[in-house]
Amino acid sequence: MKRTEIKSLLQTNEFNGMVNVKGWVRTKRGSKNVAFIALNDGSTIHNVQIVVDVNQFDVKKLEKVTTGAAISVNGQLVQSKGKGQTVEIIAEELEMLGEADPNKYPLQPKKHSLEFLREIAHLRFRTNTFGAITRLRHAMIFAVHKFFTERGFYNIHSPIITGSDAEGAGEMFRVSVLDPKNPPLKEDGSIDFKKDFFGKETNLTVSGQLEAELAALALSKVYTFGPTFRAENSNTPRHLAEFWMIEPEVAFNDIHDNMDLAEEMLKYLVQYALDNCEDDLDFLSKRQQDAEKDKKQDERQMELIEKLNFVLAHDFERITYTRAIDILRNSKPNKKGKFVFPVKEWGMDLQSEHERYLVEKEFKKPVIITDYPKKIKAFYMKQNDDGNTVRGMDVLFPQIGEIIGGSQREEVYDKLYARIKEMNIEEKTLWWYLDTRRFGTVPHSGYGLGFERLMIFVSGMSNIRDVIPFPRTPQNAEF
RNA sequence: UCCUCAGUAGCUCAGUCGGUUAGAGCAUCUGACUGUUAAUCAGAGGGUCGUUGGUUCGAGUCCAACCUGGGGAGCCA
């Protein structure tokens, strides 16, 4: 008999005949004559209830039906007599697919801490929370491709192994096939990477931006969505060593078009989640509300779905770095000396306490900051006429901080070249990038969205390690 | 990497001023119960107190180092 997914079973209105369901047991409870099995197959967060007339089944077989076991059940689909569910299955045949010894199986029908579940990441898919996150994550991946496809973008697979640390975005993971104990050496004693696989030193990518720019300067609208690797020793709830990044790059777009695209995309993704993941968001909302109970009143977050709707309903605040500094300088916490890093002069980098203040206290909604001092930003950002600032933009979200970083790119060869020299970047490794400014260069813009940071926001989870199946962080690559 | 908090049963935690045989809830097991909703009720089993060293007549408790985890900071998306 063909398996029916629980998701479609629960939506059915037809109650005639047998069905087959397969899945994993969440709980079994009952009395002398009747037992109830809550079964889940991952197609939805909801379980289907299996009703078992204990007297019609082998006692030993039923004993093995414990939390975590996989079973297949044939039975009549009927309207439920009990409260709490509309339909249920009256079991006629029950087949054990895979037992789960209750004395060894670590998941119990009770609440587990997220820290504990991280230690059993191979099994945490089987919890409501991680089922919901996994389905939501898929929906967001799909929505990203849908958004860009609907707008005429082409997806680019930028290389994962790269030969240059072009962006200077962070420490890199080396890719090498040389014997680490006995590498070939040059005469001066340094490692001879000419003998390595690619004939040069190579690393895992820290960004697909530069390659995306090359494609944008031919196809006009492109985006990448791939894995990104940073070997920074970052230990925070917002950083991963391996994460997924979305990087659109658009020819002929200026910084304002870029902001429009970023805001439109974020709102599209949030709307898509609300439209397509209602059940999972409801669960995640309850989960979050539960977690919030332990926090102080003023530290509590807005309810998840309310928060998502709030973002949709309001325009992001767009301010320049200069204005941000003005606001911060005159803010109460700055005057009262509450900031760990007091805001004094123009030119300083904004600390996360400052970004937080702007987003959570001053504007109470997402904020886009533009026109940063060129000293604190990357070499490729378009220089303004004032000579001091560049057309960079950071989109700041509550709790997360920087969810998007982007800019209009410097398209004028001489200016870009001068900046490369100023910042002591090896121009030899960037000849191909510079070439695009020599042949048919045009203004263009783009940005990078950290996919897991988006997931934090949409799911209401507070730690980035809980929105990716197998997080890679310093000292942790177990699964 | 820095600051800070924590590590006690399968899980979540309590453990007073350093003092007898280290406790609870949940989970598990056994029994009871005619439809339960994280079922309920009764009982039972379950411990290298993160590791190593030190102080002490005596350490879960005090000290040191290390390991692991949380939160904050930096780096950034």
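Convention: sequence-line order gives letters A, B, ...; per-chain numbering from 1.
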Polar side-chain contact [X]-[N] base: donor and acceptor under 3.5 Å:
X	N	answer
H239(A)	C76(B)	yes
S234(A)	C75(B)	yes
E88(A)	G35(B)	yes
Q85(A)	U37(B)	yes

In this structure, how many angstroms lie between the [atom2] atom of [N] and the [atom1] atom of [X], rounded?
X	N	atom1	atom2	value
D394(A)	C75(B)	CG	C1'	14 Å
E452(A)	C76(B)	CD	P	19 Å
E115(A)	G69(B)	CD	C1'	7 Å
L117(A)	G10(B)	CG	C1'	13 Å
N40(A)	U37(B)	CG	P	20 Å
I89(A)	G35(B)	CD1	P	21 Å
F451(A)	A77(B)	CZ	C1'	13 Å
H354(A)	C76(B)	NE2	P	16 Å

Base of A77(B) and ring of F243(A) stacked, centres under 5.5 Å, planes under 30°: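 Ring-base stacking flag set for F243(A) and A77(B).
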Per T27(A) side chain, nearest of listed nucleotides U12(B), A73(B), A39(B): A39(B)
Any base atoms under 4.0 Å from [X], or only sugar-phosphate, or nothing? Heavy atoms, all strands.
X	value
K104(A)	nothing
S80(A)	base
S31(A)	base
E119(A)	nothing
N235(A)	base
F36(A)	base
R118(A)	sugar-phosphate

Test of ring centre spacing under 6.0 Å for F470(A) and F125(A):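 For F470(A) and F125(A), the ring centres are under 6.0 Å apart.
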Side chain to side chain contact (heavy atoms under 4.5 Å, CB included) assessment of L10(A) paired with T86(A): CA-CA 8 Å; L10(A) 296 178; T86(A) 52; 5.7 Å; no
Six-ring centre of F457(A), K307(A) cation under 6.0 angstrom, axis tolerance 45°: yes
Test: R151(A) cationic atom under 6.0 Å from Y268(A) six-membered ring centre, within 45° of axis: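 Yes, a cation-pi geometry holds between R151(A) and Y268(A).
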Sub-4.0 Å heavy-atom contacts from residues 399-410 of chain A onto RNA chain B, ordered by number: E402(A), I403(A), I404(A), G405(A)
OP1 or OP2 of C33(B) under 4.0 Å from side-chain N/O of K32(A):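 For C33(B), OP1 or OP2 has a side-chain N or O of K32(A) closer than 4.0 Å.
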Donor-acceptor contact below 3.5 Å, side chain Q85(A) vs main chain K83(A):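 Between the backbone of K83(A) and the side chain of Q85(A) there is a qualifying donor-acceptor contact (under 3.5 Å).
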Side-chain donor/acceptor of K28(A) to backbone N/O of L62(A), under 3.5 Å: yes
N33(A) vs G30(A), nearer the 5' end of RNA chain B by closest nucleotide: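 Result: N33(A).
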Residue of the set T127(A), N128(A), L107(A), L39(A) for which side chain to side chain contact (heavy atoms under 4.5 Å, CB included) holds with R26(A):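 Testing R26(A) for a side chain to side chain contact (heavy atoms under 4.5 Å, CB included) against T127(A), N128(A), L107(A), L39(A) leaves exactly one candidate, N128(A).
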Qualifying residue for side chain to side chain contact (heavy atoms under 4.5 Å, CB included) with I89(A), from V78(A), L9(A), V51(A): L9(A)
Aromatic plane relationship, H122(A) with F479(A) - under 30° parallel, 30 to 60° tilted, over 60° perpendicular: parallel
Whether F142(A) and Y272(A) hold their rings parallel, tilted or perpendicular, with breakpoints at 30° and 60°: tilted
Y380(A) and E213(A): side chain donor to acceptor below 3.5 Å: no
Residue pair Y372(A) / D394(A), side-chain donor-acceptor N/O under 3.5 Å: yes
Salt bridge flag under 4.0 Å for residues R419(A) and E422(A):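 Salt bridge between R419(A) and E422(A), a charged N being under 4.0 Å from a carboxylate O: yes.
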Base versus backbone protein contacts along nucleotides 23-31 of chain B [heavy-atom cut-off under 4.0 Å; B, S, -]: --BBSSS--
Watson-Crick or G-U stems involving RNA chain B, each at least 3 pairs long, distances under 3.5 Å, ordered by first number: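 RNA chain B stems, ordered by first number: B:1-7 with B:67-73, B:10-13 with B:23-26, B:28-32 with B:40-44, B:50-54 with B:62-66.
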